[in-house]
Student: 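One structure coming up, written as structure tokens, with questions to follow.
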Amino acid sequence: MIVLLSGMALVAAAQTQPAAPAILQQAALYQIIALGERHGVPAMEEFIEALVSDDEFGEQFDVLILENASAAHQNLIDRYVSGDDIPEDALAPVWRDAVNSLLAGGDNTHYARLLAAVRENNRDDVSPVRVIACDPAIDWANMDSASAFWAAMSSRKAFCVDQIRSRALDTGDTALLLRGRSHLTHTRGNGDEAALGYQLDQSHPGASYIIHLLTDTAPALQALTRPSMDPMTVETAGEDSADRRSQFGGDATYQETIDAFLLLGPADEMNATVSAGFTDPEYWTELERRAQLIYNASYRELAEQFGNPLPPTTD
């Protein structure tokens, strides 16, 4: 459901409507609907998959942009969503060859389901949805130095900004962008490099509508959530409040940072992540090589440090 707020004191009087239709409606007003994820939250993955599977998705959106899909495999993505005879397990390189694959936390079954949903909808759609890989191509097979990896890592945001501009904004298309929340703010953000959302605003003012999954434990915000609730979005228009400071906006308020929250349940549930561990022995060997090359550590050590799942064979 969508809740329009004009100040936290007016929560009780807010009007509501289902979240998916509200997001689809925003696509008529903005070219980029940027959905800020917390990666690995099952409820968010289920919501996005249902949204992309909706028959109206292809009517409102021209493009789906994926953060951790490798541009090295853009042709594979294009062929698959166009209906070519490609088995689903052949899609694994799309996310396994992403720049940040070492810290991704496992096989991206979420992306596999999203690509399958787009493929299915495109069967009968006269204007098929395109899926754009927003992670720069990296030649893992021939990478032999950590410096080459860090060069690719430092180019991720600039590459994605260019993809969004050239393959959606400049072509007049409407896109759903899926990316981690720290990248999607109207303010410059907390890092040395300006946030992706801020950069898009500089070149295409007013073209982007940013929504973040709500995981904030502030009482005024968590009062809006409950277990097993229907999905809703909450627009941030209204009075500023000290307990509504954004964790991603460089000390700015949520109102200054984003346009709306996506509410799917209480913060403790939205902060619990789940990943499907890698089980392919050949790829496990490749992850070990990458980990030693870049971090001088085993993949097991990295997985344990970041709370990522390990293959069953390593228990």
Side-chain angles (χ1 to χ4, degrees), residues 34-41 44-45 48 63-81 86 88-116 118 130-164 167 175-184 193 196 273-280 282-295 299 302-303 305-309 311:
L35 201 49
E37 300 182 275
R38 177 169 170 77
H39 301 306
V41 174
M44 182 151 204
E45 293 183 353
I48 296 170
V63 182
L64 173 64
I65 303 175
L66 302 179
E67 173 184 2
N68 288 312
S70 172
H73 303 291
Q74 184 65 61
N75 183 59
L76 175 63
I77 295 172
D78 293 343
R79 291 170 51 220
Y80 179 76
V81 300
I86 299 172
E88 288 188 21
D89 57 7
L91 296 173
V94 169
W95 53 85
R96 289 184 175 185
D97 287 344
V99 175
N100 214 23
S101 55
L102 277 170
L103 305 183
D107 259 333
N108 199 330
T109 54
H110 174 44
Y111 274 16
R113 293 190 294 271
L114 285 177
L115 291 172
V118 172
R130 293 175 291 120
V131 178
I132 303 302
C134 217
D135 206 44
I138 184 170
D139 185 4
W140 280 111
N142 294 307
M143 180 167 292
D144 58 5
S145 70
S147 60
F149 166 79
W150 289 113
M153 177 66 84
S154 66
S155 73
R156 290 184 76 228
K157 189 177 296 181
F159 178 84
C160 192
V161 168
D162 182 67
Q163 288 284 81
I164 297 166
R167 307 193 68 173
L176 177 66
L177 166 64
L178 305 181
R179 196 168 177 97
R181 292 171 296 174
S182 63
H183 303 282
L184 298 178
E193 186 179 8
L196 185 150
T273 61
V274 178
S275 299
F278 295 116
T279 57
D280 181 346
E282 184 176 341
Y283 187 62
W284 171 253
T285 300
E286 170 61 12
L287 286 173
E288 285 289 339
R289 185 190 72 85
R290 295 179 188 180
Q292 291 291 344
L293 177 68
I294 297 163
Y295 295 100
Y299 181 68
L302 292 178
Q305 178 180 349
F306 290 97
N308 295 338

Student: Under the ring pair (Phe, Tyr, Trp, His ring centres under 6.0 Å) test, which residues partner Y283, sequence neighbours left out?
Tutor: F278

Student: Report yes or no: does S154 contribute a side-chain atom to a donor-acceptor pair with the main-chain N or O of W150 at less than 3.5 Å?
Tutor: yes

Student: Kindly determine whether R156 and D135 satisfy salt bridge (charged side-chain N to carboxylate O under 4.0 Å, His left out), including the steps that lead there.
Tutor: CA-CA 6 Å; R156 290 184 76 228; D135 206 44; 2.7 Å; yes

Student: Let me confirm one number: the CG-CG distance from L91 to L114, rounded to the nearest 0.5 Å.
Tutor: 11.5 Å

Student: Testing the basics here: between A137 and S70, what is the closest heavy-atom pair and its distance to 0.1 Å?
Tutor: CA-OG, 4.2 Å

Student: Side chains of L64 and L66, heavy atoms from C-beta outward: is any pair under 4.5 Å?
Tutor: yes

Student: Please list, chain by chain and in numerical order, all residues satisfying side chain to side chain contact (heavy atoms under 4.5 Å, CB included) with T109, sequence neighbours excluded.
Tutor: R113, A276

Student: Check salt bridge (charged side-chain N to carboxylate O under 4.0 Å, His left out) between D280 and all other residues, then give those that pass, not counting sequence neighbours.
Tutor: R96

Student: Looking only at non-hydrogen atoms, find the nearest pair between W95 and A112 and report the distance.
Tutor: CH2-CB, 3.7 Å

Student: Where is the tightest heavy-atom contact between A291 and Y299, given as atom of each residue plus distance?
Tutor: CB-N, 3.6 Å

Student: Drop me the distance from M153's CE to L103's CG, to the nearest 0.5 angstrom.
Tutor: 6.5 Å

Student: Taking all non-hydrogen atoms of both residues into account, name the closest pair between L102 and L287 and its distance.
Tutor: CD2-O, 3.6 Å

Student: Using salt bridge (charged side-chain N to carboxylate O under 4.0 Å, His left out) as the criterion, list what pairs up with E286, not counting sequence neighbours.
Tutor: R289, R290

Student: Nearest heavy-atom pair of I138 and A152: which atoms, and what distance?
Tutor: CD1-CB, 3.8 Å

Student: Show your reasoning for whether side chain to side chain contact (heavy atoms under 4.5 Å, CB included) applies to L196 and I164.
Tutor: CA-CA 10 Å; L196 185 150; I164 297 166; 3.8 Å; yes

Student: Would you call R79 and I86 a side-chain contact if the rule is heavy atoms closer than 4.5 Å?
Tutor: yes

Student: Pick one: which of E45, E67, H110 meets side-chain contact (heavy atoms from CB on, under 4.5 Å) with H39?
Tutor: E67

Student: Quick one: side chain to side chain donor-acceptor pair (under 3.5 Å) partners of R179, sequence neighbours excluded?
Tutor: none

Student: Does I132 reach the side chain of Q74, with side-chain heavy atoms less than 4.5 Å apart?
Tutor: yes

Student: Which residues pass the ring pair (Phe, Tyr, Trp, His ring centres under 6.0 Å) test with Y111, not counting sequence neighbours?
Tutor: none

Student: Closest heavy-atom contact between M44 and L35?
Tutor: CE-CG, 3.7 Å

Student: Should F149 and L293 count as side-chain neighbours, where that means a heavy-atom distance under 4.5 Å?
Tutor: no

